[in-house]
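The chain is numbered in sequence order, starting from 1. From a predicted model like this one, the values you see are computed outputs, not experimental measurements.
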Amino acid sequence: MPLFILACGIFLLFFLIVKVKLNSFLSLVLVAMVVGYAEGLPIIKILPTIQSGLGATLGGLAIVISFGAMLGKLMAESGGAQRIATTLINVFGRKNVKWAVCLTGFVVGIALFYEIGFVLLIPLVFTIAVEAKIPLLEVGIPMAAALSATHGFLPPHPGPTAIAVIYNADIGLTLLYGAILAVPAVIIAGPLLYNTVKDLNPAVPQGLYSPKVFTEEEMPSFLTSISTALIPVILMAVSAVAKLTMSGDSVAQNVLVFLGTPDMAMSISVGIAIFTFGLNRGKSMTEVMKIVEQAVLVIAMILLIVGGGGALKQILIESGVGKYIGGLMAGSNLSPLLLAWLIAAVIRISVGSATVAALTTGGIVAPLIAMSGVSPELMVLATGAGSLIVSPPNDPGFWLFKEFFGLTIKETVRTWCALETTISVVGLIGVLAINVFVG
């Protein structure tokens, strides 16, 4: 019955979001109430459990998500993102421009949510395709692949960071392993995958490829742009290395670990970005703060949706669904990593949202970590990989890709859905391979 109720709850979530068009946050909270009651949770505990799950999730993510959006917005408004892209294109040359765009998407994607990064880079993709006289998808697919992989595998994105909190995984190690997975996933699902859809050549939408083009003087230098964008990643990576190589009671390790915590790393990066992308570019503090406020407005609903996923997760934990599934799997020979991937994949296909799939899976399989002794960091990445699979029509990303690139449903399946599935499968294979060495 617990699994049947869970399946019904997921179906209800699917129905509310896709058919009724109810807001995702409202749908998550409503389904959390229904599932909690159906699973036998005392009615008096349902709302406190939802509040607890929402608060615990946002308590660990609000700063990371908000500051990540601020960093991305400052980078876009200063011309830093354009500087990164144009410099890489000049270095790679027009013949290899798809690799340059792929790398640009990877770098920019580290600091941005997928949707924000997509909307930010899509005008640049249009401009590059027109100026370099190459097919639109030759640069569009690598860009989307890079943004998607960083969104699924690399903290400080909300999905992997939230799952890391649920699994009590080390953020730095998750970032390190995630980077190892993301690089081959992006290469295979981006530039290499494009070779299978060369027959598709949609036109560049008229009027959409003439965004504001910053002059040479308006843009910050490449070194300034790239270093500011990578500050949180560098700090978290250094923290991971410090944990592996330094004594646990050393002052140096404590300082590096403190600076590498997601909240601190993002705080430092935003502080630096305010200067490098704002004040140092001639903007007043008032202008810079207006940009910051706009960034927060953009991600306000994302924060609520992530919190709603945390509420549903907590309901599943408190009602015992996770322990029930953990008990079922106690004598199973199926790898917890594969199980996490499978559950996340099923929920992703059912609901559409990668974040909801990842957070829901987190509540279900978290007990397996203590029972099996599997690496929590690899469980984070297995869950993240599963949550990316297919990207069906009930995922907003499906329509974002379809409409901006002017594709039919069938063409979107061949490109976007194939891209997402490739990243998911490559991620799973990579997780299982890493587990051989660290498990």
(message) Walk me through whether Glu420 and Arg348 qualify under salt bridge (Lys or Arg N to Asp or Glu O under 4.0 Å).
(response) CA-CA 11 Å; Glu420 289 284 84; Arg348 159 71 154 178; 3.0 Å; yes
(request) Supply the atom-to-atom distance His151 NE2 to Leu388 CG, rounded to the nearest 0.5 angstrom. (result)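 Result: 7.0 Å between the selected atoms.
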(request) Any chance you could measure Ser375, atom OG, to Ile434, atom CD1, to the nearest 0.5 Å? (result) 9.0 Å
(request) May I have the step-by-step check of side chain to side chain donor-acceptor pair (under 3.5 Å) for Thr383 and Tyr167, ending in yes or no? (result) CA-CA 11 Å; Thr383 304; Tyr167 293 162; 3.0 Å; yes
(message) Suppose the criterion is salt bridge (Lys or Arg N to Asp or Glu O under 4.0 Å): which pairs have a residue in residues 428-438, not counting sequence neighbours?
(response) none
(message) Enumerate the salt bridge (Lys or Arg N to Asp or Glu O under 4.0 Å) contacts for residues 398-415, please, sequence neighbours excluded, ordered by first and then second residue.
(response)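 Non-adjacent pairs meeting salt bridge (Lys or Arg N to Asp or Glu O under 4.0 Å): Asp199-Arg414.
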(request) Measure up the Phe401 and Phe405 rings against each other and bin them: parallel (under 30°), tilted (30 to 60°), perpendicular (over 60°). (result)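 Because their plane-to-plane angle lies in the 30° to 60° range, the rings of Phe401 and Phe405 count as tilted.
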(request) Would you sort out whether Leu71 and Thr228 count as a side-chain contact (heavy atoms from CB on, under 4.5 Å), showing the intermediate values? (result) CA-CA 9 Å; Leu71 175 60; Thr228 304; 4.2 Å; yes
(request) Mind running side-chain contact (heavy atoms from CB on, under 4.5 Å) on Glu318 and Lys45 for me, showing each step along the way? (result) CA-CA 9 Å; Glu318 293 294 329; Lys45 290 186 177 181; over 6 Å; no
Check whether [X] reaches the backbone of [Y] with its side chain - one donor and one acceptor, N or O, closer than 3.5 Å.
| X | Y | value |
| --- | --- | --- |
| Thr196 | Leu193 | yes |
| Thr261 | Phe258 | yes |
| Ser269 | Met266 | yes |
| Thr150 | Leu147 | yes |

(request) Flag yes if more than 12 heavy atoms outside Ile43 fall under 6.0 Å of its CD1 atom; otherwise flag no. (result) no
(request) Take atom CZ of Phe92 as the centre, draw a 6.0 Å sphere, and report whether it contains more than 12 heavy atoms from other residues, nucleotides or ligands. (result) yes
Return the set of residues passing side chain to side chain contact (heavy atoms under 4.5 Å, CB included) with [X] (not counting sequence neighbours), or none when no residue passes.
| X | answer |
| --- | --- |
| Ala385 | Phe153, Trp341 |
| Lys243 | Asp170, Ser239, Gln253, Val257 |
| Ala179 | Leu154 |

(request) Would you please test Leu74 and Ile274 for side-chain contact (heavy atoms from CB on, under 4.5 Å) and show each step? (result) CA-CA 7 Å; Leu74 287 167; Ile274 287 173; 4.2 Å; yes
(message) Can you list everything that forms a side-chain hydrogen bond (donor to acceptor under 3.5 Å, both in side chains) with Thr104? Sequence neighbours excluded, please.
(response) none
(message) Minimum heavy-atom separation for Val426 and Ala185, please, with both atom names.
(response) CG1-CA, 3.7 Å
